[in-house]
Amino acid sequence: MRSVETIIIGGGPAGSACARRLVQNGRDVLVLDKARFPRIKLCAGWITTKAMADLEFTPADYPHPILELDIRTHFFALPFALNWFPTEGANYSIRRIEFDDWLLRRSGAQTVEHEAKTIRRDGERYVIDDQFACTYLVGAGGTMCPVRRAFFAPREKSRQIVTLEKEFAYPARDDTCHLYFFRRGLIGYAWIVPKGNGFVNLGLGGKAKYFKSSGARIQTHFRAFLDDLVAEKRLDAATAADVQETGHPYFLFTYRGDIKRDNCFLIGDSAGLASVDLGEGIGPAVESGRLAAGEILGLGVYRKEDISVFSFRGFVRRLMARASRRHLAPLPSRARGGSGRTATTTP
Ligand SMILES: Cc1cc2nc3c(=O)[nH]c(=O)nc-3n(C[C@H](O)[C@H](O)[C@H](O)COP(=O)(O)OP(=O)(O)OC[C@H]3O[C@@H](n4cnc5c(N)ncnc54)[C@H](O)[C@@H]3O)c2cc1C
């Protein structure tokens, strides 16, 4: 049996942020992930300045293409977009296949490709599949995290979000990011997010409850969204016809329920930390990973209230950011070619 002080199950942004802080403080950490990295993760790949600051990097440090986003927000079927977004500082897009691999490597933690199945308590230790044992166990396995299943209450179904998305090379894309809220009655939103290297990510997400109660199919909404993008000249018809979308469920922030028990912690999506308004999950995943590491290091206590997406201070800051950015901007009349604000740098 391999024995280490801390085992983190899941090497996404939550797991690698936690691992990095522990490794930086000289601790013995092992990350188990069932996937071989670089791995695909369904995600629009929008990140905030705050998430980047928590991860201790700037666009200039990032070794892959990163694009500063010019975000346009559309509500219902209104014929104009708002140049408005409720975050502080600039927003960027990355590709998760590159980002997560870089973060995990940069953490300096030992990693093993292993799918955790059976997790049990053995006195003061946690034992995983009778192969690994640890004093501290961190559940960072995303929506289906096995640590959550083993030791914590099931999540509230009412907070479940379902999504469909696709990321593909589309050099002809517009450099502007568009978000469409409540279009065609959807309780949720759709997006088209340009990436720095000529890729684009488009998708749609909504409350599972909405699809269940209205009888609307998410696939129908997705196809209608592609038609709208073609009509708005953001996508050509042949590309739209070829899009093979994939789906994923996840959970928004659930205030009820524990995220810590004894020496076992839930971080990121395993704790349902994505924000309620936009489903932003990378920022809270990183913050929670760092806070859980702080408790393992004896530097603080891991509490939901300290994750800024849910703290009162964070709420007030977001409201103020909202108020200061509220102004109308016309829809861009034609695609802006190129990737003028793309930063491509070396490590
Ligand atoms: C379609 C979509 C679009 C999104 N867009 C955005 C966005 O633009 N911006 C944003 O901030 N958030 C977005 N989110 C949310 C964001 O992707 C998540 O909140 C974020 O990835 C959470 O990170 P994590 O580290 O908790 O989990 P994950 O990134 O899901 O990582 C979990 C890891 O655990 C591993 N794992 C799972 N089970 C096991 C097991 N049994 N054993 C070992 N390993 C295991 C997985 O292989 C995976 O590598 C989006 C989500 C979806 C579904």
Side-chain angles (χ1 to χ4, degrees), residues 7-19 30-48 50-52 54-55 69 71 87 91-97 99-101 103-104 107 111-119 128-129 131-132 138-150 160-167 177 179 188-193 195 201-206 218 222 245-253 259 265-275 277-289 292 309:
I7 289 182
I8 301 172
I9 297 184
S16 48
C18 183
L30 178 66
V31 177
L32 303 179
D33 200 297
K34 66 180 181 184
R36 175 166 302 168
F37 280 59
R39 57 106 173 84
I40 289 176
K41 162 72 188 132
L42 291 188
C43 182
W46 145 63
I47 50 166
T48 60
K50 175 163 189 331
M52 286 165 53
D54 288 343
L55 283 166
L69 292 175
I71 301 176
T87 55
N91 292 279
Y92 295 85
S93 69
I94 45 77
R95 295 193 67 210
R96 289 292 297 272
I97 190 167
F99 184 68
D100 289 21
D101 184 51
L103 288 180
L104 187 57
S107 75
T111 59
V112 170
E113 191 183 323
H114 176 91
E115 177 168 3
K117 290 190 173 135
T118 314
I119 308 174
I128 297 127
D129 297 328
Q131 290 180 55
F132 306 94
V138 181
T143 305
M144 307 297 181
C145 184
V147 178
R148 178 166 199 111
R149 278 203 312 272
Q160 191 172 8
I161 298 295
V162 287
T163 57
L164 285 178
E165 69 135 50
K166 184 70 185 173
E167 187 161 302
C177 167
L179 307 178
Y189 74 101
W191 63 85
I192 177 159
V193 179
K195 304 291 169 109
N201 182 294
L202 54 87
L204 175 149
I218 187 168
F222 188 83
E245 66 276 16
T246 30
H248 184 73
Y250 71 124
F251 293 82
L252 300 180
F253 199 106
I259 55 170
F265 305 84
L266 291 181
I267 59 176
D269 273 7
S270 75
L273 298 184
S275 69
D277 48 1
L278 292 160
E280 183 212 350
I282 298 171
V286 169
E287 258 191 80
S288 60
V309 72

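Whatever order the structure lists them in is the order used to number ligands and atoms, beginning at 1. In this text the structure is predicted, and so the values were computed from the model without any measurement.
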- Nearest to atom 23 (O) of ligand 1 by heavy atom, G268, P13, C18: which? P13

- Per-atom contacts, ligand 1 versus T163 - under 4.0 Å to a heavy atom: 1 (C), 53 (C)

- Message: Taking side chain to side chain donor-acceptor pair (under 3.5 Å) as the definition, give me every residue that meets it alongside Q131, ordered by chain and number, with sequence neighbours left out.
- Response: none

- Distance from L273 atom CG to I282 atom CD1, nearest 0.5 Å? 13.5 Å

- Message: Within the 4.0 Å heavy-atom shell around L32, which atoms of ligand 1 are there?
- Response: 43 (C), 44 (N)

- Message: Between V147 and S270, is there a side-chain heavy-atom distance shorter than 4.5 Å?
- Response: no

- Message: Could you work out, for atom 31 (O) of ligand 1, the closest of R39, R149, E245 by heavy-atom distance?
- Response: R39

- Query: Among K34, R39, R36, whose salt bridge (charged side-chain N to carboxylate O under 4.0 Å, His left out) with E113 holds?
  - Reply: R36

- For I9, is at least one N or O under 3.5 Å away from an N or O on ligand 1? no

- Atom OG1 in T163, atom CH2 in W191: separation rounded to 0.5 Å? 6.0 Å

- Item | contact_flag P146 ligand 1 heavy-atom lt 4.0 Å | yes

- Are side-chain heavy atoms of F37 and T111 found at a separation under 4.5 Å? no

- Are P38 and D100 close enough that some pair of their side-chain heavy atoms sits under 4.5 Å apart? no

- Relative to the heavy atoms of H114, which atoms of ligand 1 are at a distance of less than 4.0 Å? 42 (N), 43 (C)

- Query: Any salt bridge between K195 and E167, counting N to O under 4.0 Å?
  - Reply: yes

- Are any of the side-chain heavy atoms of I267 and C18 separated by less than 4.5 Å? yes

- For D269, the ligand 1 atoms with a heavy-atom partner under 4.0 Å come out as 18 (C), 19 (O), 20 (C), 22 (C), 26 (O)

- Task: Taking only heavy atoms of A140 into account, list the atoms of ligand 1 that are under 4.0 Å away from them.
- Result: 32 (C), 33 (C), 34 (O)

- Pick whichever of G12, G141, A51 has a heavy atom sitting closest to atom 37 (C) of ligand 1. G141

- Any N or O of R96 that comes nearer than 3.5 Å to an N or O of ligand 1? yes

- Please determine if E165 has a nitrogen or oxygen closer than 3.5 Å to a nitrogen or oxygen of ligand 1. no

For residues 40-48, please give each side-chain donor-acceptor pair under 3.5 Å, one per line with the distance, not counting sequence neighbours.
residue	atom	partner	partner atom	Å
W46	NE1	N91	OD1	2.7
T48	OG1	A51	N	3.0

- Between G45 and ligand 1, is there a nitrogen or oxygen pair with a distance under 3.5 Å? yes

- Just which atoms of ligand 1 are under 4.0 Å from any heavy atom in A285? 23 (O)

- Which of these, S93, C145, G10, G247, has its nearest heavy atom closest to atom 34 (O) of ligand 1? G10

- Query: Within a strict 4.5 Å, meaning less than it, do heavy atoms of the F99 and L55 side chains meet?
  - Reply: yes

- Query: Taking the non-hydrogen atoms of K41, is any one of them nearer than 4.0 angstrom to ligand 1?
  - Reply: yes

- Looking only at non-hydrogen atoms, which of C177, A116, G142, A274 approaches atom 27 (O) of ligand 1 most closely? G142

- Item | Side-chain donor/acceptor of D129 to backbone N/O of K117, under 3.5 Å | yes

- Any N or O on W46 sitting closer than 3.5 Å to an N or O of ligand 1? yes

- Message: A side-chain contact here means heavy atoms from C-beta on lying under 4.5 Å apart; do L104 and D33 qualify?
- Response: no

- Message: Distance check, rounded to the nearest 0.5 Å: T246 atom OG1 versus L164 atom CG?
- Response: 7.5 Å

- Task: Ignoring angles and geometry beyond distance, decide whether F37 reaches within less than 3.5 Å of ligand 1 through its nitrogen or oxygen atoms.
- Result: no

- Message: Could you tell me, atom by atom, which parts of ligand 1 come under 4.0 Å of a heavy atom of E115?
- Response: 41 (N), 42 (N)

- Do any nitrogen or oxygen atoms of S270 come within less than 3.5 Å of a nitrogen or oxygen of ligand 1? no

- Query: With only distance considered, is I282 within less than 3.5 Å of ligand 1 through an N or O on each side?
  - Reply: yes

- Task: Pull out every atom of ligand 1 sitting under 4.0 Å from any heavy atom of C43, numbered as shown with elements.
- Result: 2 (C), 3 (C), 4 (C), 5 (N), 6 (C), 7 (C), 13 (C), 14 (N), 17 (O), 50 (C)

- Message: If you measure every N or O of D100 against every N or O of ligand 1, does any of those distances drop under 3.5 Å?
- Response: no

